[in-house]
Every structure is written in structure tokens, then in C-alpha cells.
Amino acid sequence: MSGKHYKGPEVSCCIKYFIFGFNVIFWICAGLFKVQSNGKLGPISGSSLLFLGIAFLGIGLWAWNEKGVLSNISSITDLGGFDPVWLFLVVGGVMFILGFAGCIGALRENTFLLKFFSVFLGIIFFLELTAGVLAFVFKDWIKDQLYFFINNNIRAYRDDIDLQNLIDFTQEYWQCCGAFGADDWNLNIYFNCTDSNASRERCGVPFSCCTKDPAEDVINTQCGYDARQKPEVDQQIVIYTKGCVPQFEKWLQDNLTIVAGIFIGIALLQIFGICLAQNLVSDIEAVRASW
């Protein structure tokens, strides 16, 4: 024996575990691991795996179960506005798919899963880029759609507690009321000013529209009663009169650098993940070709 060792193509362990670490963002893997005889780190069969995506999906399904949606699936379409539970379900589903393909593909050196991971991440990146370009080019159309979206949810304000909490949070955070003003609450059957409305909230607004008094420790949920029956000058004292669409635009302009930085950071992470996966696929295919 000459004592020389054949050195052929090798799968980069560095890239392999970089991809695995990258996917921890989407997928939390917990359990026991063992060091194999060749020094590689491998998962013990039957180890416990916890998915962050499954956690989101679980929260979404639990919320639907609490609202009775799972016992009556047809009620999904009954809500006139947006159900925030969809955020958990969609985000959870995407995180689960990405995490599963990336983690298992890297650990098991499965080229199909790694290619799927790259393509899926590439599609998400392309959709984000397209949405950003369209939002910049069709700003007025986006504004109209946002106005329609908010007003549609104003109509369904009392129909779903999750939607109600989302609207209240939005109005409190941006110190706004309605889409373009407090009068948008005329669209809601409980808050409109028509003579046929017998609700105590008639011609009022939700408490989240009220200006906050720092001296108050307890939220006054009735502070918006009859607020829109007052003259406009008096309204500005008790409630926010600016709409959420203009306030969101102002917030976006004030924080444009931070928002752009976040989106660029996410885009770079996605490109980094795609490059790592493609590099690992090339290494695996090179090793297999040398067999």
C-alpha cells in the first residue's frame, strides 16, 4: 500500500450545516443527536422534532376551534371582513414547508428537497420583488385597495373578536380613526348615524379612536359614544380625526429607511439560502458522479 488516500469530490459539511442553521429560523428542531463513527452529526431515529410552522398552524386551528369554525367549515366565508387567523395559517404553512425541505434536505443530502427549497424560496423572493415594484408603480391603486379593505373590515367590526382586536390595535398604534376619517364608521350598523339605528353606539366610534389621557389608568370603553354628533372642533379633542390610510403613509415615510433595511435584509437572507442550497446540491451531485 502506498499510503496515499484518494481525494475525490466531497460534500461540504460547512454548507450542509449552514443550510440547516439557516432553516432554524423557519423550523425549530429539538431532540437528541449522536456523533456517528465518521464524525458527522446525525439525528437519532425517533428523536423529537418541534416545528415552528406547526406551532403557528396549531394556534390558527385552535383559534378557529374556539370560534366554532372547525365544527362548521362553511362559516369561513360568513365573515365579511378579514380573519387574522389566516395570517397564522398561511405563515405557519410556509414556514413548515420551507423548514421541512431545508432541514431534511440538508441533513439527509436529499437533492430533491434542496431543489424544492431553492425554487420555493425563489418564488417567494420573486413575489416579494413583484409586489414591491407594483406597489411603487400603482400607488394610487394600492391606496384605493387599502381604503376598500379597511372599510370592508369596519363593516365586520363586531362580527369577529380577532378582527375587532386587530382594528383597535391599528387605530391605537397609528392614532387614527377609520380609513380616511371618523365618518367611515357610518358603514358599521352599530355606529352609523341613521335614525333607524337604535344602538347606544349610534353616531359614535370605538374606544380605540379616542385620544388617550395619560392620567387614566383604566381604559374608558365608552369614550367614543356620541363623539361624531359633536362639532368637528370638539371632535378633535376627544377622538382621532385622521384616517388610518394617511397615517400609515406618514409612518411609512418617517420610517422608510428602517422598512427598506428590513426588506433588503430579508431579501439577502433569501438569496443567501438559495445560493447555499444550490451549492450543496452541486456538491452532492459531484460526489455521486464520482461513484
Side-chain angles (χ1 to χ4, degrees), residues 60 63-64 66-69 72 74-91 131 135 138-213 219-254:
W64 267 0
E66 287 293 303
K67 293 191 287 188
V69 174
N72 183 17
S74 61
S75 63
I76 292 176
T77 58
D78 292 344
L79 180 62
F82 171 71
D83 189 348
V85 173
W86 279 110
L87 285 176
F88 285 93
L89 295 176
V90 172
V91 172
F138 301 103
K139 288 185 289 187
D140 292 335
W141 182 83
I142 294 294
K143 188 186 296 186
D144 291 340
Q145 293 303 308
L146 188 59
Y147 174 73
F148 173 79
F149 176 78
I150 294 175
N151 281 343
N152 195 43
N153 286 298
I154 284 175
R155 291 187 182 93
Y157 177 75
R158 292 294 190 201
D159 298 345
D160 182 81
I161 187 63
D162 294 325
L163 175 62
Q164 182 175 315
N165 290 334
L166 180 62
I167 292 175
D168 286 335
F169 170 79
T170 301
Q171 293 190 144
E172 287 179 330
Y173 183 79
W174 278 313
Q175 298 183 350
C176 57
C177 192
F180 280 100
D183 286 337
D184 288 332
W185 282 97
N186 273 326
L187 296 170
N188 187 279
I189 59 173
Y190 300 101
F191 294 98
N192 68 58
C193 294
T194 57
D195 294 334
S196 59
N197 183 10
S199 170
R200 179 62 189 87
E201 295 175 311
R202 177 182 176 274
C203 237
V205 292
F207 73 92
S208 54
C209 283
C210 297
T211 55
K212 298 298 178 287
D213 185 355
I219 296 176
N220 179 11
T221 57
Q222 299 180 357
C223 60
Y225 285 11
D226 305 320
R228 289 187 293 117
Q229 288 183 334
K230 300 176 182 179
E232 188 172 344
V233 177
D234 294 335
Q235 285 185 28
Q236 296 177 359
I237 300 174
V238 293
I239 63 172
Y240 304 122
T241 54
K242 294 180 180 179
C244 291
V245 174
Q247 286 295 89
F248 173 71
E249 286 183 300
K250 181 179 179 298
W251 177 88
L252 204 57
Q253 291 172 356
D254 294 342

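Start at 1 with the first residue, then count along the sequence. Since this is a predicted model, take the numbers as computed values, not measurements.
- Sequence neighbours left out, the pairs with a member in residues 179-191 that pass salt bridge (charged side-chain N to carboxylate O under 4.0 Å, His left out) are Asp183-Arg228.
- When each of Leu187, Leu163, Thr170 is paired with Asn153, the side-chain contact (heavy atoms from CB on, under 4.5 Å) condition holds for Leu163 and for no other.
- Applying the 6.0 Å contact sphere to CD1 of Ile219 captures no more than 12 heavy atoms from other residues, nucleotides or ligands.
- At least one donor-acceptor pair closer than 3.5 Å links the side chain of Thr211 to the backbone N or O of Ile237.
- For the residue pair Asn188 and Ile154, the shortest heavy atom distance occurs at ND2-O, 2.7 Å.
- For the residue pair Val205 and Phe191, the shortest heavy atom distance occurs at C-CE2, 3.5 Å.
- Nearest approach of Asn192 to Asn186, heavy atoms of both residues: CB-O, 3.0 Å.
- Closest non-hydrogen pair, Pro206 versus Tyr157, comes out as CB-OH, 3.4 Å.
- The nearest pair of heavy atoms linking Ser208 to Glu172 is CB-CG, 3.7 Å.
- Side-chain contact, Tyr225 with Asn220: no donor N or O sits under 3.5 Å from an acceptor N or O.
- Within the 4.5 Å cutoff, the side chain of Phe248 has no heavy atoms near those of the Cys176 side chain.
- Sulfur atoms SG of Cys244 and Cys177 are positioned 2.5 Å or more apart.
- Taking the side-chain hydrogen bond (donor to acceptor under 3.5 Å, both in side chains) definition, one finds that Asp234 meets it with nothing, sequence neighbours left out.
- The side-chain heavy atoms of Gln164 and Asp168, taken from C-beta on, include a pair separated by under 4.5 Å.
- Across all their heavy atoms, Arg202 and Cys193 have their closest contact at NH2-O, 3.0 Å.
- Take Glu249 and apply the side-chain hydrogen bond (donor to acceptor under 3.5 Å, both in side chains) test, not counting sequence neighbours, and it matches Lys143.
- The aromatic ring centres of Tyr240 and Trp174 sit 6.0 Å or more apart.
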